[in-house]
Amino acid sequence: MSADLDQNPSPADLAERERENKERKAREDAEQAQLPYKWTQTIRDVDVTAPIPANFKGRDLDVLLTKNKLRVAIKGQEPLIEGDFPHAIRVDESSWTLETTPTFPGKEISIHLDKVNKVEWWPHVVTTAPKIDVTKITPENSSLGDLDGETRAMVEKMMYDQRQKEMGGPSSDEQRKMDLLKKFQAEHPEMDFSNAKMG
């Protein structure tokens, strides 16, 4: 059965997978570095910062923030960010500010986006930007503690299933089905399960 092969990848397979992951991550990092802004996210929100020259003030900016769209530009110039969000935001809980930064000469537009769906990672800030691989995101354990019970259980299940998938193991649902089948087989030894298929 081929499932056995998937569950025990050889050292060569693991090394190849690791090499592919490193290449993908390097490519992803290079794409993200080309963007005129930086962004981070938690399961609950997204924060974006974009540097601009120090001589600009808030009134020089053209910022549009709606449930599904973002536009950030200096008036009369090409937008720094413009496009549709991959998922909706709560406009009332989202904001932008213009700040002077100590790290480089200039100012920074800082945008805070509050996600409507608190159980989903964003692959990019706007759909026109390059994507990141959201399956590789490992949230900090402390942020999991902030979630309510049902949401936390769902996120933990997603993380478990993702780890199992990476290792070639069964997801929690598949494992539960196998456990039920084993229990049923133990209770009914007279039945032949040799051709049973999991599906």
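Everything numeric in this text was worked out from a predicted model, so none of it was measured.
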Q.
Quick check on Arg19: does its CZ atom have over 12 non-hydrogen neighbours (other residues, nucleotides or ligands) under 6.0 Å away?
A. yes
Residue Glu187 excluded, over 12 heavy atoms near CD under 6.0 Å: yes
Between [Y] and [X], is there a side-chain heavy-atom distance shorter than 4.5 Å?
{"X": "Trp39", "Y": "Ile132", "result": "yes"}
{"X": "His112", "Y": "Asp47", "result": "yes"}
{"X": "Ile111", "Y": "Ile81", "result": "yes"}
{"X": "Asp62", "Y": "Val72", "result": "no"}
{"X": "Trp96", "Y": "Val63", "result": "yes"}

Looking at [X] and [Y], what are the two nearest heavy atoms and their distance?
{"X": "Ala73", "Y": "Pro79", "result": "CB-CA, 3.6 Å"}
{"X": "Leu35", "Y": "Pro130", "result": "CD2-CD, 3.8 Å"}
{"X": "Pro86", "Y": "Val125", "result": "CD-O, 3.1 Å"}
{"X": "Ala88", "Y": "Trp122", "result": "O-CZ2, 4.2 Å"}
{"X": "Pro51", "Y": "Pro36", "result": "CD-O, 3.8 Å"}
{"X": "Ser94", "Y": "Asp114", "result": "OG-N, 2.9 Å"}

*Show your reasoning for whether side-chain contact (heavy atoms from CB on, under 4.5 Å) applies to Ile52 and Ile109.*
CA-CA 7 Å; Ile52 63 167; Ile109 301 167; 3.8 Å; yes
request  = Please test Arg17 against Asp13 for salt bridge (Lys or Arg N to Asp or Glu O under 4.0 Å), starting from the C-alpha separation and ending with a verdict.
outcome  = CA-CA 6 Å; Arg17 202 177 292 171; Asp13 291 339; over 6 Å; no
Do [X] and [Y] pair up side chain to side chain, a donor and an acceptor below 3.5 Å, judged on atom types alone?
{"X": "Gln32", "Y": "Lys38", "value": "no"}
{"X": "Glu120", "Y": "Asn117", "value": "yes"}
{"X": "Glu99", "Y": "Thr97", "value": "yes"}

Item to check | Evaluation steps, side-chain contact (heavy atoms from CB on, under 4.5 Å), between Leu65 and Phe85 | outcome: CA-CA 10 Å; Leu65 190 57; Phe85 294 129; 4.0 Å; yes
Please report the C-alpha distance between Lys75 and Asp60 in whole Å, then the side-chain angles of each, then the deciding distance to 0.1 Å, and finally whether the side-chain contact (heavy atoms from CB on, under 4.5 Å) criterion is met.
CA-CA 6 Å; Lys75 288 179 182 169; Asp60 300 318; 5.7 Å; no
Can you hop from Ile43 to Val134 via hydrophobic side chains spaced under 4.5 Å?
yes
Donor-acceptor check, side chain of [X] to backbone of [Y], threshold 3.5 angstrom: yes or no?
{"X": "Lys107", "Y": "Phe56", "result": "yes"}
{"X": "Glu28", "Y": "Asp133", "result": "yes"}
{"X": "His124", "Y": "Ala129", "result": "yes"}

Checking His87, Gln41, Arg44 against Lys115 for side chain to side chain contact (heavy atoms under 4.5 Å, CB included), the one that qualifies is Gln41
Exercise. Just do the side-chain contact (heavy atoms from CB on, under 4.5 Å) check on Leu61 and Ile74 with the steps written out, would you?
Key: CA-CA 5 Å; Leu61 302 177; Ile74 296 168; 3.9 Å; yes
Q) Distance from Glu82 atom CD to Thr128 atom OG1, nearest 0.5 Å? A)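 With rounding to 0.5 Å, CD (Glu82) is 8.0 Å from OG1 (Thr128).
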Notebook entry, point to check: Roughly how far, to the nearest 0.5 Å, is the CD atom of Glu20 from the CD atom of Glu16?
Noted result: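 If we round to the nearest 0.5 Å, Glu16:CD and Glu20:CD are 4.5 Å apart.
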Between the side chains of Lys69 and Asp84, is the shortest nitrogen-to-carboxylate-oxygen separation below 4.0 Å, so that they form an ion pair? yes
